[in-house]
Protein chains: 2
Amino acid sequence: MPNQPHRTRAALVQAALDTLKTEGFSGTTARAIAGRAGVNQALVFYHFGGVESLLLAALDATAAARLERYRTAMAAATDTAERIATARRLYREDVEGGHVTVISELLAASLARPQLRAELLTRMAPWIELVAAVLDDVAGDSPLSETIPLADVASALVALYLGLNLLSRLDPANAQAESLFDLMERVAPLLDGPSTS
Amino acid sequence: MPNQPHRTRAALVQAALDTLKTEGFSGTTARAIAGRAGVNQALVFYHFGGVESLLLAALDATAAARLERYRTAMAAATDTAERIATARRLYREDVEGGHVTVISELLAASLARPQLRAELLTRMAPWIELVAAVLDDVAGDSPLSETIPLADVASALVALYLGLNLLSRLDPANAQAESLFDLMERVAPLLDGPSTS
DNA sequence: GTCTATACTTGGATAGAC
DNA sequence: GTCTATCCAAGTATAGAC
């Protein structure tokens, strides 16, 4: 009884994500993924050609959904305070859902894998663009947008996001990120205030 | 001709660092380390009890030297501009020398290793304290120190540092970090200016 | 076209030789 | 105290059964 191919593929993609989130990159082997998916280990190679390709397919699947979620949530926010509150909500979702963990583990593993590194480079771009677009909205017509290179700040914010997620492993309560959002919420009115004429 | 034990141990520690920097965590096996050190693979277990313990010993060795370097370099800086210039210099050293890579790889791997996670938690504390101390000097007698929780900002800066290093793998030129330091140098006078009465 | 069985390689760890 | 020989577990990948 041959299984429907797309079902096996989907199960492997989901299992790959779950394994990466709970076992880390070094624990994400063809056997571990297949075991979680309930299929034979060799199917990883048949359907995806190898573990690395499967992981990239899994990243693409989760990143597309996540990007869409970010875009709609951020579009609904109209001022800086709301954008920060939204960012906090999204950050919590990411930590709980392990969405950022997937990219962190792959980035860490890309050190010794030039191919993986190249693939990840392409896939980081839309995130940095998304943050840059939000920053552009925040800066709005204020003089900030002229004097500060938004693209660089966007990269830095993405780096901060990754770093916070990495550090959050050591502290399950994740107090740093929460109090950082508190701080940003206190600073937010200073950004909106002057430009609201 | 029995080797002096401390020579073998030192060779393993150095080889462990080099392997972690070039092969990443998943490539840092007892065999890879021992091969690089030019000793038998079983000595990793004899001298350190296992790969993970060796890696922690290696981290301790490099972190102690690195912390000392940071402390003396930062102590020599007297105003905010100098501190930022020093931070830029230290950051470049870290990227080139792979010092942060060691901790990034271990943090990424700690996801599925509770013991490693606990050990790393202890070892991150002095770095956050160091940054907090520098921030305290920067804030000085300005009102900033009252309104902004320095400990949280210190954690965030450490996270940013880790994240920048992680992203720098994708872009060898590492333009983000450099232009971020540019930005900070332009903002620095605003911090020093008002409080210099 | 899909999957199973199996071959081969690499890694962790230790018993015992020197 | 140091290292070799060796075992066992786990990983990748493919040849061939269905």
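A, B, ... follow the sequence lines: proteins, then strands. Residue 1 opens every chain.
Atom CD of Glu23(B) is separated from atom P of dT10(C) by 14 Å (rounded to the nearest Å). Regarding Leu54(A), its CG atom lies at a distance of 15 Å from the P atom of dG11(D), rounded to whole Å. For Tyr46(B) and dA17(C), the OH to P distance is 17 Å, given to the nearest whole Å. One interatomic measurement links the two molecules: NE2 of His47(A) to C1' of dA13(D), which rounds to 15 Å at whole-angstrom precision. Between the C1' atom of dG12(C) and the CD1 atom of Ile33(B) lies a distance of 12 Å, rounded to the nearest Å. Note: CG (Leu43(A)) to P (dA15(D)) measures 16 Å, nearest angstrom. Atom P of nucleotide dG11(D) and atom CG of Leu55(A) are separated by 14 Å, given to the nearest angstrom. Between the C1' atom of dG11(C) and the CD atom of Gln41(B) lies a distance of 8 Å, rounded to the nearest Å.
Thr19(A) and Ala32(A) make their closest contact through CG2-CB, 4.0 Å (heavy atoms, listed as atom of the first residue, atom of the second, distance). Heavy-atom minimum distance, Ser110(A) versus Leu107(A): OG-O, 2.7 Å.
Closest to the Ala42(B) side chain, of the nucleotides dT14(C), dT4(C), dG1(D), is dT14(C). With dC3(D), dA10(D), dC3(C) as the choices, the nucleotide that has an atom nearest any side-chain atom of Arg31(A) turns out to be dA10(D). With dT2(D), dT2(C), dG12(C) as the candidates, the nucleotide lying closest to the side chain of Phe45(B) is dG12(C). The side chain of Val51(B) has dG12(C) as its nearest neighbour among dG12(C), dT4(C), dC3(C).
Between Thr29(A) and dA10(D), a side-chain N or O to OP1/OP2 separation shorter than 4.0 Å is absent. The phosphate of dC3(C) has neither OP1 nor OP2 within less than 4.0 Å of any side-chain N or O from Asn40(A). Phosphate contact (OP1/OP2 of dT2(D), side-chain N/O of Thr8(B), threshold under 4.0 Å): absent.
Using modelled atom types, one finds a donor on one side chain and an acceptor on the other under 3.5 Å when comparing Arg113(B) with Ser26(A).
Looking at heavy-atom distances under 4.0 Å, Val44(B) makes no contact with the nucleic acid at all. Note on Ala30(B): only backbone sugar-phosphate atoms sit closer than 4.0 angstrom, heavy atoms only; bases stay farther off.
Using a 4.5 Å cut-off on side-chain heavy atoms (C-beta onward), Thr22(A) and Arg36(A) make contact.
Ring geometry for Tyr70(B) versus Trp127(B): interplanar angle over 60°, hence perpendicular rather than tilted (30 to 60°).
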